[in-house]
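Working notes, beginning with the structure itself.
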Amino acid sequence: MADDARILTMREAVARFVRDGDTVALEGFTHLIPFAAGHEIIRQRRRDLTLVRLTPDLLMDQLVHAGTARRLVFGWLGNPGVGSLHAVRRAVERDVPAPLEIEEYSHFGLLCRYQAGASGLPFFPLRGFRGTDYPRVNPLVREVTCPFTGEVLDAVPALRPDVAVVHAQRADSEGNTQIWGLLGAQREVAFAARRVIVVVEEIVEEAVIRADPNRTQIPGAIVDAVVEAPGGAHPSFAQGFYDRDNAAYLAWDRITRDPAALDRYLEEWVYGLPDRGAYLERLGRDVVNRLRPAPRLASPVDYGDYR
Amino acid sequence: MADDARILTMREAVARFVRDGDTVALEGFTHLIPFAAGHEIIRQRRRDLTLVRLTPDLLMDQLVHAGTARRLVFGWLGNPGVGSLHAVRRAVERDVPAPLEIEEYSHFGLLCRYQAGASGLPFFPLRGFRGTDYPRVNPLVREVTCPFTGEVLDAVPALRPDVAVVHAQRADSEGNTQIWGLLGAQREVAFAARRVIVVVEEIVEEAVIRADPNRTQIPGAIVDAVVEAPGGAHPSFAQGFYDRDNAAYLAWDRITRDPAALDRYLEEWVYGLPDRGAYLERLGRDVVNRLRPAPRLASPVDYGDYR
Amino acid sequence: MSPATRAETMVFAASREVEDGDSVFVGVGLPNLAVQLARRGHAPRARLLYESGVFGARPARLPISIGDPCLVTGAAQVLEMPAMFQYFLQGGRTDLGFLGAAQVDRFGNLNTTVVGPDYRRPRVRLPGAGGAPDIAWNARRTVVILRQDRRKFVSRLDFRTTVGWAEGGRSREALGAPGGGPTRVITDLGVYGFHPETREMILESVHAGVAIEEVRAAVGWDLRLAPEVRVTPAPEPEMLALLREEIDPKGIYLGRPSSGKALSGPSTSRS
Amino acid sequence: MSPATRAETMVFAASREVEDGDSVFVGVGLPNLAVQLARRGHAPRARLLYESGVFGARPARLPISIGDPCLVTGAAQVLEMPAMFQYFLQGGRTDLGFLGAAQVDRFGNLNTTVVGPDYRRPRVRLPGAGGAPDIAWNARRTVVILRQDRRKFVSRLDFRTTVGWAEGGRSREALGAPGGGPTRVITDLGVYGFHPETREMILESVHAGVAIEEVRAAVGWDLRLAPEVRVTPAPEPEMLALLREEIDPKGIYLGRPSSGKALSGPSTSRS
């Protein structure tokens, strides 16, 4: 009962489902960062986006520098393990090249916003902002009183992005999507969103997915587009497929400090290329091979044939 | 770094961790019902327990008839696909053999109580009781107002059982526990509980668990006892290990209607046997073989060796 | 082939409620037969959901309960129950839900909790809520299936387990319910809809051979009729053959047309 | 073997804060080295947690970030981030958390958000909260590790990202915090505890060769001293060898004692 209508090229998926002014959540916690999708958003010159991400990193630096963003909603901002995002900092500290509104939570606070959105709740209760300065600078951090104990807790409102973009290891043509390794908040952001684009290392037969239904993170019922883009998370990693390209993260520290270098980067690696295939070709087979880990297979599991 | 101190016999685990008057959650939604553990609780003649379970079924009929329970907290009460639990009904409808307090939710309501307990929240918000008669009969179904929209939602309080008992397919000696197939609320009830007893089909080397960390539902850090009891979920099923013994469920419909038959059942299958090994012996190899499904293996997954 | 029995007509009518591509909360028994039939016919891409945590089940046998292992093997996704309720139901990702009941009132509210006026001392203690309140609250459409008699179609529920159209009119909306409310009640006698304004149950069709007076006798209030009460469409022969020969070949839920025997008690229960 | 550097002494002191069997939120850089050292020594059963969703990591190499794939392969459990924060942190299942900071005040409150008086127009935009507020709020013990200078040990934070002892005394308790609060601050100069009543930071020991006046000069308030300020214990030779030869053999975080070079910027960051 396969239905291939959801399989799109990246160009088609972004053209069809990401619109100017949208709230776009690009998730993947250090793992499976949707670089290929982000680059296509830059390439199609989307504007006035509200970008949402637990940990804005290199990709957000690129999206902000390219002028796609009006607002950034986040939990931790940096080049993980390396340093700062200077393009984002220029915008926040000095309105260069343009002002960037920010809306800031802890990781947990933003996770709770996703969960409320995914769960059809208008808010989510948590502990974690009391005594901090966040409620002072973010009017969306409020209080709620427990109807049983009288305790005052924090509360955040539901977040329902217009679009969620997630990268994953594999999906079938209906969009049933499997992820292993770090799961981040991919499932929650997908359920919270109105439209979902899934980018995968490989599109597989549905039998592969259905042979391990516990591994499925995102059900096809909520997926609008499935894009096959091997290597699409580079320079971040895809567990079992490739390692983080740490040299690229270190190199970013130089690029991000210099707007001209960032312009050149975007010209060479984004605007100047049609798609992720060309990106990987430019990157070179050596790099790709260097990043591939030796295999380490999961232990077998038997679901049993019940008939 | 294995630590075998948590591996106990069922007798030791129940003796050490289940006390008279405790609130005991026995979970497993149609799948992996902890019959072996429940039988040991009956055998050790625990009293005044508050028993918690989304779907009280044959096991609860047995525990109630045996006089272990003072109170039942639940979401759906029945012999799934067959009929009624007459021992529970006798207690509720006619105080026979003794009165049984009941505290009743929808499945979702009780799930939210587990989630609050697991999450360290005093309550959990949900939609689902408005316009029903549950708030009228259960004072623990209350209201909470969203601090953003002003909408009035339902709320239930955290449930923190003294003990959670769950059955699973496999665990290592530290208690890292893997479940596949229906996951029920095993993870949530374990995190909600003060003490956790895990009963498994097999105790495996930690390398088996660590070769697929996404499959782990319950971390060893919160487990107090690991009991190996193959077949311990019979007559319910263990995905990949055995099917539900439907003949036993159908037979129960006769037993449960007749207190004397239920007495005989407990005498023959619980009090008269030392443990699950003896139970399986009495059940017979034929039944065990009949219930074993043909294999249906999960598709391979590669985690990659990163060093 | 012998003509369709009333039970078979009921299942066929229920199957027509499934639209292609729907995500459907199924339950076991009659609803399961209805959805299997729909998938083999006009709705091949309907997706089966079970509150036990299964999305996209493809059972290789008739499931005995909503937690049958045959629902897991070959499914598209199996997730923990809190996620199933929060994301698929409360999150508004469900198109259609089938429900059974011990009692239904004229506004499609359901009782599966107790029979008798005193909750604390019930005449009959029923199973309780399970997932029904959340399915009825959140699904875009809800269809109630039950075998009909006067004790079940009551003017006043002994306990309201599950909200249908509440007190009728706009009262469901006033409670804040996001889902669409009950659209059909389907029994072994006929098919009911709900009035678009008053939300009161209306007899739309009777199965072949059922007199309207027989229906009225099995309803505990003054039943409204549609302007024109039709005869429920009979299953096409190929659908009937499918039902008898492949979907319930042993007659577990529908009996054999010759014998008339069937498992009736648990057939519309959800677990 | 050359004697321990100040940075090595700092890592060793931090490793002593780990108790055997602890579930520890680690972070990367110095805290990671400390926990690895503890696991090789007195706390072999300490369990490593990462807010990325990993429990019981056994990294085969030095992780570059809290989301390094080497933390996943061979771990005991990897779960979705909401579950990690809700069940392990907010659920009270964490014994110890290590945190870094750009600014710390006398009550162990931390700033990792902005430098400068105006949040909307910061002089330096820092990374923000990440998981730090929840680790500090919920862990039974929190240890802060940072390289010390006067701009970091401030009398008043520019922004309070993470609550330590709040305004001191019983103010943390009054906020309703369930965790135990900060127990130690460990720097490249010395080790601090907190007064059991006032909850003010107290210098407990200085590393070998560090004068108390050097410490005072690197603190932006009038620092309290313990009745007897000791010298921080030096790492045992076998621990030092382990640290240099096996745990950070390339000197990524600690440099080479001969060269004195080390990666300092991100060393106490959490991501």
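Note that the structure is a prediction, hence the values are computed from the model and not measured. Within every chain, numbering begins at 1; the chains are lettered A, B, ... in the order of the sequence lines, protein sequences first and strands thereafter.
- Between the side chains of D/E80 and A/Q217, no donor-acceptor pair of N or O atoms lies under 3.5 Å.
- Using a 4.5 Å cut-off between heavy atoms, D/R123 touches chain A through its backbone atoms (N, CA, C, O) alone.
- Proximity to chain D involves both the backbone and the side chain of A/L77, based on heavy atoms less than 4.5 angstrom apart.
- For A/D133 (side chain) and D/R160 (main-chain N/O), a donor-acceptor pair under 3.5 Å exists by modelled atom type.
- Residues A/L111 and D/Q86 fail the side-chain proximity criterion, which asks for heavy atoms closer than 4.5 Å.
- Interface remark: D/L157 contributes no atoms to any contact with chain A (heavy atom separation under 4.5 Å).
- Heavy atoms closer than 4.5 Å to chain A are found in both the backbone and the side chain of D/F159.
- A/R244 places no side-chain N or O within donor-acceptor distance of the main-chain N or O of D/G67, the cut-off being under 3.5 Å.
- Judged by distance alone, with hydrogens and angles left aside, the side-chain atoms of D/Q90 form no donor-acceptor pair with the main-chain N or O of A/L126 at under 3.5 Å.
- Panel note: side chain A/R130, backbone D/G176; no donor-acceptor pair is recorded below 3.5 Å.
- At a 4.5 Å heavy-atom cutoff, A/Y242 makes no contact with chain D through either its backbone or its side chain.
- Contact check for A/L183 versus D/L79: no side-chain heavy atoms found under the 4.5 Å cut-off.
- Side-chain contact between A/Q239 and D/T73 is present, with at least one heavy-atom pair separated by less than 4.5 Å.
- For A/Y249, no part lies under 4.5 angstrom from a heavy atom of chain D.
- Of the two parts of A/D57, neither the backbone nor the side chain holds a non-hydrogen atom closer than 4.5 Å to a non-hydrogen atom of chain D.
- At a 4.5 Å heavy-atom cutoff, the contact between A/E93 and chain D is made by backbone and side-chain atoms alike.
- Residues A/Q115 and D/F85 fail the side-chain proximity criterion, which asks for heavy atoms closer than 4.5 Å.
- When only modelled atom types and interatomic distance are considered, A/Y134 and D/T113 share a side-chain donor-acceptor pair under 3.5 Å.
- Annotation: side chain of D/M81 is in contact with side chain of A/L54 (closest heavy-atom distance under 4.5 Å).
- Side chains of A/H31 and D/D68 form no contact here, defined as non-hydrogen atoms less than 4.5 Å apart.
- For A/F108, the parts lying near chain D are the backbone and the side chain together; criterion is any non-hydrogen pair under 4.5 Å.
- Looking only at side-chain heavy atoms (C-beta outward), D/E51 and A/W76 stay at 4.5 Å or farther from each other.
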